[in-house]
Protein chains: 2
Amino acid sequence: MYTIGKLSKNTGVTVRTLDYYDEIGLIKPSSKTEGGHRLYSEDDVMRLERVLALKYMGFSLEQIKDILENSTSTWQESIQQQLELVKREQERLQVLEQALLGISYSIEIEGEINWKIIFSIIQLYQQDPEDALQQYKDYLNDDEMKKIMDMNVQNMSEEDIRNWMKVIHDIKNNLNINPASEKAQQLVESWLNQAEKMYGNDEKLLGDMWQALQNLKEGIAFYPMNKDVIQFIESVFIAKEEFKK
Amino acid sequence: MYTIGKLSKNTGVTVRTLDYYDEIGLIKPSSKTEGGHRLYSEDDVMRLERVLALKYMGFSLEQIKDILENSTSTWQESIQQQLELVKREQERLQVLEQALLGISYSIEIEGEINWKIIFSIIQLYQQDPEDALQQYKDYLNDDEMKKIMDMNVQNMSEEDIRNWMKVIHDIKNNLNINPASEKAQQLVESWLNQAEKMYGNDEKLLGDMWQALQNLKEGIAFYPMNKDVIQFIESVFIAKEEFKK
DNA sequence: TATTGAACAACACGTAACGTGCTGATTTAT
DNA sequence: ATAAATCAGCACGTTACGTGTTGTTCAATA
């Protein structure tokens, strides 16, 4: 028989917590002294350990009460449910991490907080990938859509995202230089390299995506590219072709 | 100028929430009607949107107040902190998922809830991997320790964990059969296959681990193996050697 | 056996971010 | 002007306890 203080020391659970478990009927001491002090039996200790185990697994005290009162039957179900929950939360955190990274890079590169960009990123991540791609459906076929979805931003490395943002930022800072200049050619080459690295070297896919981008209104799905950047790249390509002739 | 109801409809935020934000001074309407009804300006709407963005990023309302009041300087810091938090939470969930999977399999395979096993799993996951391996340090060298840590349970597939538990469970159910029998040889062969699949085919490493396991008191680091299982496997190996001669 | 210090029970209030009512006042539509 | 809709302001509820208080009981010592 343990007093509440001993039990607390043995298990590392605070007295207040045991107090609370008693109060809500989760763990009631199996006997008391004449004066009313609580005495916990070995069985009570076992029950406490089970409660702690279930708590570690992420169940609420309410759920723990249910699980411990009902028998084995619901166990698998409870654990599967908990697994589902954990997986959903993991997905949410994945998305959140990417969003935070994007915002961090945007501040780092642009040197200031651009709320428009932050909203774009959040919107981008809040809608599910299916929806985000809907705007491209006139230009891409089903296979291509699928391919893009498979390699969406979730699968890009931090390094890739950072480079992608950097190269586009560089272009934005040089929109008015001569498209035929050495510098312009270099910028577009960097962009092309990164694009191929991230979206594979499927020529047709890149071409179709390009078509789509040119016809879009200010889309955010390929943040942080915008019309200006697209036009600049286009003009550099044209200048290059001219030069060849 | 929006009344609280219009603002609520436009942004999807409940009136009670705006009520609360007013109460804690996070978003105060910039004017009021004669009768005291709140009127929100465009600026107020912008502020609300920023609050929502920051909330999406996982900041508390207290932190949001700080961030919005202090200027740009702390932004990067806040976001980095948030990223840290998100990453730690992801790790926690990873560990939890593995623990839940282990428990799920143990119930599935043993057909009942084995609290000892559940406690073992939780203990195993609660201590960090470094500590868990300390008990092997007399038998393994640094390189080997490192190798095991790199491929610890986190990197095993669900399939692997499931098979590993199944094969050991099979052995536990047949501890007293003749080590020289066909059945025994089969069991140990399955075990060996799975062990090699999971721990690579580094002969020396497997040998050293085996040494360690034999000398350990009931360890839990290679749950659910125990002394009995180890002895059985050993005896089958010996029987095999005998047979060869 | 009396005393004293430690442990205890029971209660109250606080936490974060609102949800869910409630009453009485104000606005809007008719 | 009157009805209907909206609003402000308040209070209590939620989760899993932490922190602090007061009065009581236990255990060890004199």
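Because the structure is predicted, anything quoted here is derived from the model rather than measured. Letters A, B, ... mirror the listed sequences (proteins, then strands); counts begin at 1.
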inquiry  = Are more than 12 heavy atoms, taken from residues, nucleotides or ligands other than Lys166(A), located less than 6.0 Å from that residue's NZ atom?
reply    = no
inquiry  = If you only use heavy atoms from C-beta on, which nucleotide in dA16(D), dG19(C), dT27(C) is closest to the side chain of Thr17(B)?
reply    = dG19(C)
inquiry  = Can you measure Ile24(A) atom CD1 to dA16(D) atom P for me and round it to whole angstrom units?
reply    = 7 Å
remark   = In whole angstroms, the gap separating C1' of dC8(C) from OH of Tyr40(A) amounts to 11 Å
message = Run Arg88(A) and Glu91(A) through salt bridge (charged side-chain N to carboxylate O under 4.0 Å, His left out) and show every step you take.
response = CA-CA 5 Å; Arg88(A) 269 209 301 282; Glu91(A) 279 170 27; over 6 Å; no
task = Sort out for me which residue in Asp19(B), Thr33(B), Asp44(B) forms a side-chain hydrogen bond (donor to acceptor under 3.5 Å, both in side chains) with Arg38(B).
result = Asp19(B)
ask   = Between Lys55(B) and Thr3(A), which is nearer to the 5' end of DNA chain C once each is assigned its nearest nucleotide?
value = Thr3(A)
task = Heavy atoms only: give me the nearest Gln80(B)-Ser104(A) pair and the separation to one decimal.
result = NE2-OG, 2.9 Å
request  = Quickly work out the Tyr20(A) OH to dT15(D) P distance and round it to whole Å.
outcome  = 7 Å
inquiry  = Nearest whole Å is fine: how far is dC7(D) C1' from Leu7(B) CG?
reply    = 14 Å
ask   = How close or far is atom P of dA16(C) from atom CD of Gln63(B), stated in whole angstroms?
value = 11 Å
query = Over how many whole Å does the gap from Tyr21(A) atom OH to dT15(D) atom C1' extend?
reply = 11 Å
Are there any protein N/O atoms within less than 3.5 Å of an N/O atom in nucleotides 8-11 of chain D, and if so, which ones and at what distance?
{"unit_1": "dA8(D)", "atom_1": "OP1", "unit_2": "Arg38(B)", "atom_2": "N", "d": "2.6"}
{"unit_1": "dA8(D)", "atom_1": "OP1", "unit_2": "Arg38(B)", "atom_2": "NE", "d": "2.8"}
{"unit_1": "dA8(D)", "atom_1": "OP2", "unit_2": "Arg38(B)", "atom_2": "NE", "d": "3.4"}
{"unit_1": "dA8(D)", "atom_1": "OP2", "unit_2": "Arg38(B)", "atom_2": "NH2", "d": "2.7"}

inquiry  = From NZ of Lys6(A) over to C1' of dC26(D), roughly how many Å is that when rounded to an integer?
reply    = 11 Å
request  = Could you say whether Glu34(A) or Thr14(A) is positioned toward the 5' end of DNA chain D, judged by the nucleotide with the nearest heavy atom to each?
outcome  = Thr14(A)
message = If the cut-off is 4.0 Å, is Thr33(B) near the phosphate of dC7(D), judged by side-chain N/O to OP1 or OP2?
response = no
ask   = For Gln81(B), what residues pass the side chain to side chain donor-acceptor pair (under 3.5 Å) criterion, not counting sequence neighbours?
value = none
remark   = Tested for side-chain hydrogen bond (donor to acceptor under 3.5 Å, both in side chains) against Gln90(B), the lone hit among Glu97(A), Glu89(A), Gln90(A) is Glu97(A)
query = To the nearest 0.5 Å, what is the distance between CG (Leu48(A)) and CG (Asn10(A))?
reply = 10.5 Å
query = Rounded to the nearest Å, what distance is computed from the CE atom of residue Met1(A) to the P atom of nucleotide dC26(D)?
reply = 15 Å
